[in-house]
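Here's the structure, in structure tokens; my notes come after.
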Amino acid sequence: ALTCIACDWADADPQGALAWANGLSNPADRDTALYNAVRHVSTSDPAAAASDLKMIPDVNQRNQAMNDVLGRWVDQDPAAALKWVQTNTTGTAQTMAMTQVINNIAQIDPVSALGVIQQMPDAANYNNMVFQTINSWSQSDPAAALAWANSNLSGNDLITATGVAVRQLINVNPAAGAQYVTTLPDGQNRNNLISQVANSMAREDMSGALNWINSVDANATTRDNAINQVMNQLTQVDPQQASQVLQTVNFDMSTPAGQNAYANVASQIATSLAQTDPDGALTWAESLSGTARNNAMGSAINSIANSDPDTAWNYVQNLPADDPSRAAMVNNVVNAYARQDPATAVSLLGDLTPAQQQNAIGQISNNWVRQDPYAASQWISTLPTSAAKDTAVQNMLNSQGQYDLTTSLQWVNTMSTPAAQMRGYTTVIQQTARTDPVAAQSAVDSASNLTDAQKTQLSQIIQRAQAQGGGGMNSVDYGYGPDNAPPGYHFEYNSNGQQMLIRDN
């Protein structure tokens with residue numbers, strides 16, 4: 001109601017509305033009424049509203065009202081609004097107000113806005129206002145913004161401002177952007193912009209973009225990066241064409257970096273091709289050589305295995321044993337089986353290297369435990385003691401609710417190192433403490449393979465679980481209650497009024 005009165009009254013009788021608002025006895029009501037009255041005065045007389053801002057006592061409301069006032073004032077008389085800000089504000093408020101006024105002026109007349117900014121070289125946000133104005137200008141006329149920056153700025157300011165403008169120019173007019181970039185001195189800024197030009201040109205003309213890259217005076221790394229940008233776009237649109245174009249591009253194959261760039265593009269193409277033409281993707285990958293061939297083969301197999309692991313496995317099995325990419329592809333297929341058919345993945349573990357086996361066991365157990373915890377546990381129990389088995393057991397323990405406390409702790413005790421066992425204990429005790437802190441604490445106290453420090457750490461976990469609300473307490477099931485705690489413990493209440501079992505010491 002106060003807001004409606006203040007707004008409507010201010011529209012009809014600004015001074016009367018302000019006088020009424022200022023006379024309200026309740027401070028909160030007065031603040032609300034003054035804030036809304038001043039804002040509405042600005043619709044007809046922003047200059048008067050600006051002089052009334054000081055009546056608003058709350059600084060946040062005053063700053064918000066000032067934004068509204070200045071927004072309307074700048075539309076009517078930007079020079080007067082700017083002069084008021086310079087004369088009547090200081091500190092953070094002035095920084096905010098100046099930024100708003102300059103931004104509004106820049107929408108209409110960026111040259112005037114920049115001229116005003118240049119008259120305030122000591123302003124706290126001088127550089128930000130310059131760059132924001134250049135950015136705003138560049139969205140409508142990047143060439144003009146670029147020309148202004150080159151004529152009026154120097155040093156780092158010039159580099160930053162032209163960078164802002166030329167990026168917009170590249171998006172709006174790639175050919176003009178390309179011409180400008182080639183005139184820049186050698187350096188990282190020029191190198192980055194070359195890739196952006198190539199990326200922008202490729203949206204309309206892939207061949208033209210590649211021809212421009214080959215013609216531009218740039219080092220091999222810059223050219224390779226630019227080619228990569230274009231080929232990534234082409235691969236997303238037409239991987240078949242990308243596979244043909246790759247044979248004609250000029251990666252610098254004399255350096256490891258160029259070879260890797262070529263191989264990475266080949267890998268991306270193979271992945272995309274395999275999604276629609278698996279046989280064609282593999283045939284194309286086989287036609288390559290070296291690292292490019294190995295990467296492309298591995299990517300194609302990985303893509304095929306995600307949808308049809310049987311087909312991928314049959315292909316891999318027919319590769320020569322000495323094929324340099326075979327081991328990686330076998331690993332990819334087994335990992336795909338691990339996600340879809342863990343039992344089959346287990347039968348293929350013998351085809352992996354020891355390092356690959358450890359990774360695969362982790363993936364198989366993680367998926368199998370969720371799909372069929374009984375079958376997973378039967379398999380895990382047959383694994384030899386090792387770090388891989390520790391991972392599988394931990395994955396099983398992470399599947400909360402699959403096993404009772406006693407069974408879970410039996411699994412923990414099969415783990416191969418004290419560190420692995422402590423991780424297992426932590427998982428089990430955290431899970432149990434949420435529903436049965438008495439049983440959790442009893443398990444900790446009776447554990448013979450834990451140190452005193454580890455027991456203390458686990459007891460603290462139990463207490464935190466109770467303090468956070470847990471899932472209730474089942475101490476009654478054990479014959480315990482507030483007046484009958486287990487030996488060595490007592491009950492207290494936390495801030496939520498819940499009972500907590502605490503060690504006496």
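The basis for the numbers below is simple: all heavy atoms, side chains too, and nothing from hydrogens, waters or symmetry mates. Along the sequence shown, residues are numbered consecutively beginning with 1.
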Can a donor-acceptor pair be found, under 3.5 Å and without considering hydrogens, that links the side chain of [X] to the backbone of [Y]?
{"X": "S442", "Y": "V438", "answer": "no"}
{"X": "S151", "Y": "W148", "answer": "no"}
{"X": "S459", "Y": "K455", "answer": "yes"}
{"X": "N367", "Y": "Q363", "answer": "yes"}
{"X": "D238", "Y": "L234", "answer": "no"}
{"X": "N395", "Y": "G362", "answer": "yes"}
{"X": "R223", "Y": "A218", "answer": "yes"}
{"X": "N413", "Y": "L409", "answer": "yes"}
{"X": "D141", "Y": "W137", "answer": "no"}
{"X": "N150", "Y": "L146", "answer": "yes"}

Kindly indicate whether the side chain of [X], heavy atoms from C-beta on, has any atom under 4.5 Å from the side chain of [Y].
{"X": "P418", "Y": "Q421", "value": "no"}
{"X": "N449", "Y": "Y425", "value": "yes"}
{"X": "Q441", "Y": "V444", "value": "yes"}
{"X": "R203", "Y": "N171", "value": "yes"}
{"X": "N173", "Y": "P142", "value": "no"}
{"X": "W411", "Y": "M396", "value": "yes"}
{"X": "T426", "Y": "Q430", "value": "yes"}
{"X": "M422", "Y": "L450", "value": "yes"}

Can you name the nearest heavy-atom pair linking [X] to [Y], along with the distance?
{"X": "A50", "Y": "V69", "value": "N-CG1, 3.9 Å"}
{"X": "P342", "Y": "Q371", "value": "CD-OE1, 3.4 Å"}
{"X": "M66", "Y": "A97", "value": "CE-CB, 3.9 Å"}
{"X": "I134", "Y": "A165", "value": "CG2-CB, 4.1 Å"}
{"X": "A113", "Y": "I102", "value": "CB-O, 4.0 Å"}
{"X": "L397", "Y": "S408", "value": "CD2-O, 3.8 Å"}

Hey, could you give me the [atom1]/[atom2] distance between [X] and [Y], rounded to the nearest 0.5 Å?
{"X": "L70", "Y": "T89", "atom1": "CG", "atom2": "OG1", "result": "8.5 Å"}
{"X": "Q168", "Y": "N135", "atom1": "CD", "atom2": "CG", "result": "5.5 Å"}
{"X": "N219", "Y": "N191", "atom1": "CG", "atom2": "CG", "result": "5.0 Å"}
{"X": "L34", "Y": "L53", "atom1": "CG", "atom2": "CG", "result": "11.0 Å"}
{"X": "D224", "Y": "Q229", "atom1": "CG", "atom2": "CD", "result": "12.5 Å"}
{"X": "N189", "Y": "T162", "atom1": "CG", "atom2": "OG1", "result": "6.0 Å"}

### Message
Show me the pairs that pass ring pair (Phe, Tyr, Trp, His ring centres under 6.0 Å) and involve residues 1-31, at least two apart or across chains.
### Response
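For residues 1-31: W9-W20.
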### Task
Go through V101 and N104 one step at a time and tell me if the side-chain contact (heavy atoms from CB on, under 4.5 Å) criterion holds.
CA-CA 5 Å; V101 172; N104 284 14; 5.9 Å; no
### Task
Show your working on side-chain contact (heavy atoms from CB on, under 4.5 Å) between D157 and N127 and close with a plain yes or no.
CA-CA 8 Å; D157 289 347; N127 286 337; 3.5 Å; yes
### Query
Does CD belonging to Q179 count more than 12 external heavy atoms closer than 6.0 Å?
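Result for CD/Q179: open.
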### Message
Quick check on N26: does its CG atom have over 12 non-hydrogen neighbours (other residues, nucleotides or ligands) under 6.0 Å away?
### Response
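Atom CG in N26 is crowded, with more than 12 foreign heavy atoms closer than 6.0 Å.
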### Message
Suppose we screen for side-chain hydrogen bond (donor to acceptor under 3.5 Å, both in side chains). Which residues come up paired with S140, at least two apart in sequence or across chains?
### Response
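If we apply the side-chain hydrogen bond (donor to acceptor under 3.5 Å, both in side chains) test to S140, skipping adjacent residues, there are no hits.
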### Task
Check side-chain hydrogen bond (donor to acceptor under 3.5 Å, both in side chains) between R72 and all other residues, then give those that pass, not counting sequence neighbours.
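R72 satisfies side-chain hydrogen bond (donor to acceptor under 3.5 Å, both in side chains) with S42 only.
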### Task
Go through Q394 and N398 one step at a time and tell me if the side-chain hydrogen bond (donor to acceptor under 3.5 Å, both in side chains) criterion holds.
CA-CA 6 Å; Q394 184 64 50; N398 289 342; 3.0 Å; yes
### Task
Go through the steps to decide whether S416 and D390 satisfy the test side-chain hydrogen bond (donor to acceptor under 3.5 Å, both in side chains), and finish with yes or no.
CA-CA 7 Å; S416 63; D390 292 345; 2.4 Å; yes
### Task
Check step by step if side-chain hydrogen bond (donor to acceptor under 3.5 Å, both in side chains) holds for N264 and Q268.
CA-CA 6 Å; N264 289 338; Q268 294 171 23; over 6 Å; no
### Message
Determine whether V130 and T160 satisfy the following criterion, side-chain contact (heavy atoms from CB on, under 4.5 Å), listing intermediate values before the conclusion.
### Response
CA-CA 10 Å; V130 170; T160 304; over 6 Å; no
#### Entry: Worked verdict on R339 versus N306 for side-chain contact (heavy atoms from CB on, under 4.5 Å)
CA-CA 9 Å; R339 294 187 293 272; N306 286 332; 2.6 Å; yes
### Task
Scan side-chain atoms only and decide if Q107 and S136 contain a donor-acceptor pair under the 3.5 Å cut-off.
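Yes, a side-chain donor-acceptor pair sits under 3.5 Å.
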